[in-house]
Enquirer: 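Mind having a look at this structure? Questions to follow.
None of these values were measured; they are calculated from a predicted model.
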Amino acid sequence: MAQLSEMQSKVSVTADASRKPSPDKQDHTASLDSMLGGLEQELQDLGIATVPKGHCASCEKPIAGKVIHALGQSWHPEHFICNHCKEEIGSSPFFERNGLAYCSKDYHHLFSPRCAYCAAPIVDKVLTAMDQTWHPEHFFCSHCGEVFGAEGFHEKDKKPYCRKDFLAMFSPKCGGCNRPVLENYLSAMNTVWHPECFVCGDCFSSFSSGSFFELDGRPFCELHYHQRRGTLCYGCGQPITGRCISAMGHKFHPEHFVCAFCLTQLSKGIFREQNNKTYCQLCFTKLFPQ
């Protein structure tokens, strides 16, 4: 007990000495270190074992009070700081990179992936698309602004589009209905067509024979093509594809340009007309005498 009282007296004297103003901070620190070292030695001389909590990884001095265990080492709380901003981390969450500690703010600022839309660090969920990273809520259609659903997206000129807008803006349009052509199609007249839209512009029948006639950028069957061209035979109503006779404002197959009475073919274009009908000279004289 006497020894313990003597030790307490020395501690009191040392403590009083420590309260005296010191010339500067370095002297104060040195005095404090000397005091602690002397106290530790006196405790050991009295047979009282002192077990340090380790040595601080920053200042390499013994840790006698609070201790932080991090990165596989021990630290004084005030010495466990962010490697970037040098602010004390203490017991706050931190991130490790290459054996160094960073506060959450600086770690995300320095190392987290950046959103391709807003350029801010991505600290939670990250979406990877088009060789870039995005906040999930910032990856949306470049045209309508809707976030993509289960159907995914389409890319054009390094921009993402939903299926609806992509087809409306970039898919080839049908030459008949002007709607996007998505699957089966026909290619004709330097454009594409839905099979059901490639029909005659007048009768809307499909071209079962595989042939069609083009007029003013539209397809027609043979009959309506010649009808629009005015090349249907006035006698039989069928298209004229070879020799043609023009008379009375109409066109005829040569074999169908005949006398309305005797049905003899009118050769060399010599005929007589009466009531919009053609007659040979003989029949005209008999039927319409002067």
Enquirer: Side-chain heavy atoms under 4.5 Å apart, restricted to Ile/Leu/Val/Met/Phe/Trp/Tyr: what other residues fall into the cluster of F170, or is it alone?
Expert: Y161, F166, L167, M169, L182
Enquirer: Out of F271, F261, Y279, which one pairs with F284 under the side-chain contact (heavy atoms from CB on, under 4.5 Å) rule?
Expert: Y279
Enquirer: Of all heavy-atom pairs between D165 and C141, which one has the smallest distance, and what is that distance?
Expert: OD2-SG, 3.3 Å
Enquirer: If we ignore hydrogens and angles and just use 3.5 Å, is the side chain of S74 paired with the main-chain N or O of C56 as donor and acceptor?
Expert: no
Enquirer: Could you tell me which residues satisfy side-chain hydrogen bond (donor to acceptor under 3.5 Å, both in side chains) with S206, sequence neighbours excluded, listed by chain and number?
Expert: none
Enquirer: Starting at OG of S142, measure out to NZ of K156 and round the result to the nearest 0.5 Å.
Expert: 13.0 Å
Enquirer: If the condition is side chain to side chain contact (heavy atoms under 4.5 Å, CB included), which residues does A120 pass it with, not counting sequence neighbours?
Expert: C118, H135
Enquirer: Closest heavy-atom contact between Q132 and A116?
Expert: OE1-CB, 3.4 Å
Enquirer: Taking ILVMFWY side chains as joined if any heavy atoms are under 4.5 angstrom apart, and letting links pass through other members, which residues group with F95?
Expert: L100, Y102, Y107, L110, F111
Enquirer: Mind checking salt bridge (Lys or Arg N to Asp or Glu O under 4.0 Å) for R228 and listing every partner two or more places apart, or none if nothing turns up?
Expert: D202
Enquirer: Would you kindly confirm whether F207 and W193 end up in one hydrophobic cluster when ILVMFWY residues are joined by side chain heavy atoms under 4.5 Å apart?
Expert: yes
Enquirer: What verdict does the side chain to side chain contact (heavy atoms under 4.5 Å, CB included) test give for C82 and D106, after you've listed the backbone C-alpha separation in whole Å, the side-chain angles of each residue and the deciding distance to 0.1 Å?
Expert: CA-CA 8 Å; C82 172; D106 286 335; 3.3 Å; yes
Enquirer: Going by heavy atoms in the side chains, are H224 and C203 under 4.5 Å from each other?
Expert: yes
Enquirer: Name each donor-acceptor pair under 3.5 Å that joins a side chain in residues 244-257 to protein atoms two or more places apart or in another chain, with its distance.
Expert:
from: H253; atom 1: ND1; to: H256; atom 2: ND1; distance (Å): 3.2
from: H253; atom 1: NE2; to: P239; atom 2: O; distance (Å): 3.0

Enquirer: Just jot down the side-chain hydrogen bond (donor to acceptor under 3.5 Å, both in side chains) partners of H194, sequence neighbours excluded, or say none.
Expert: none
Enquirer: Could you grab the distance from atom NE2 of H143 to atom SG of C162, nearest 0.5 Å is fine?
Expert: 8.0 Å
Enquirer: Could you walk me through whether H79 and S58 pass the side chain to side chain donor-acceptor pair (under 3.5 Å) test, one step at a time?
Expert: CA-CA 6 Å; H79 291 164; S58 176; 4.5 Å; no
Enquirer: Tell me if a side-chain donor or acceptor on K173 pairs with a main-chain N or O of S171 at a distance below 3.5 Å.
Expert: yes
Enquirer: Please report the interatomic distance SG(C259) to CD(Q281), rounded to the nearest 0.5 Å.
Expert: 10.5 Å
Enquirer: Might you work through the side chain to side chain contact (heavy atoms under 4.5 Å, CB included) test for I240 and L232, ending with a clear yes or no?
Expert: CA-CA 6 Å; I240 301 173; L232 289 181; over 6 Å; no
Enquirer: Give every residue pair that meets the salt bridge (Lys or Arg N to Asp or Glu O under 4.0 Å) criterion with at least one member in residues 129-155, sequence neighbours excluded.
Expert: none
Enquirer: Members other than F80 in its cluster, when Ile, Leu, Val, Met, Phe, Trp, Tyr link by side-chain heavy atoms under 4.5 Å?
Expert: I68, L71, W75, I89, F94
Enquirer: Are L282 and L266 grouped together when hydrophobic residues (ILVMFWY) are joined by side-chain heavy atoms under 4.5 angstrom apart?
Expert: no
Enquirer: Mind checking the CG-NZ spacing from L287 to K277? Nearest 0.5 Å is all I need.
Expert: 10.5 Å
Enquirer: Roughly how far, to the nearest 0.5 Å, is NE2 of H109 from SG of C85?
Expert: 11.5 Å
Enquirer: Hey, are the side chains of C200 and P219 touching, using non-hydrogen atoms and a 4.5 Å cut-off?
Expert: no
Enquirer: Could you tell me which non-hydrogen atom of C115 sits nearest to which non-hydrogen atom of H138, and how far apart they are?
Expert: SG-ND1, 3.6 Å
Enquirer: Within the structure provided, determine whether E88 and E78 are in side-chain contact (heavy-atom separation under 4.5 Å).
Expert: yes
Enquirer: Hydrophobic side-chain clustering at under 4.5 Å (ILVMFWY, transitive links): who's grouped with M130? Put none if nobody.
Expert: Y117, L127, W134, F139, F140, V147, F148, F153
Enquirer: Side chain to side chain contact (heavy atoms under 4.5 Å, CB included) between R218 and E214: does it pass, once the steps are laid out?
Expert: CA-CA 6 Å; R218 299 174 59 194; E214 178 183 357; over 6 Å; no
Enquirer: Mind checking side-chain hydrogen bond (donor to acceptor under 3.5 Å, both in side chains) for R229 and listing every partner two or more places apart, or none if nothing turns up?
Expert: Y225
Enquirer: Can you tell me how far apart CD (Q227) and CG (L215) are? Round to the nearest 0.5 Å.
Expert: 11.5 Å
Enquirer: Which residues satisfy the side-chain hydrogen bond (donor to acceptor under 3.5 Å, both in side chains) test with T241, sequence neighbours excluded?
Expert: none
Enquirer: Within the 4.5 Å heavy-atom criterion, are H76 and C59 side-chain neighbours or not?
Expert: yes
Enquirer: Can you list the steps and then say if T278 with E273 is a side chain to side chain contact (heavy atoms under 4.5 Å, CB included)?
Expert: CA-CA 5 Å; T278 57; E273 178 184 356; 5.5 Å; no
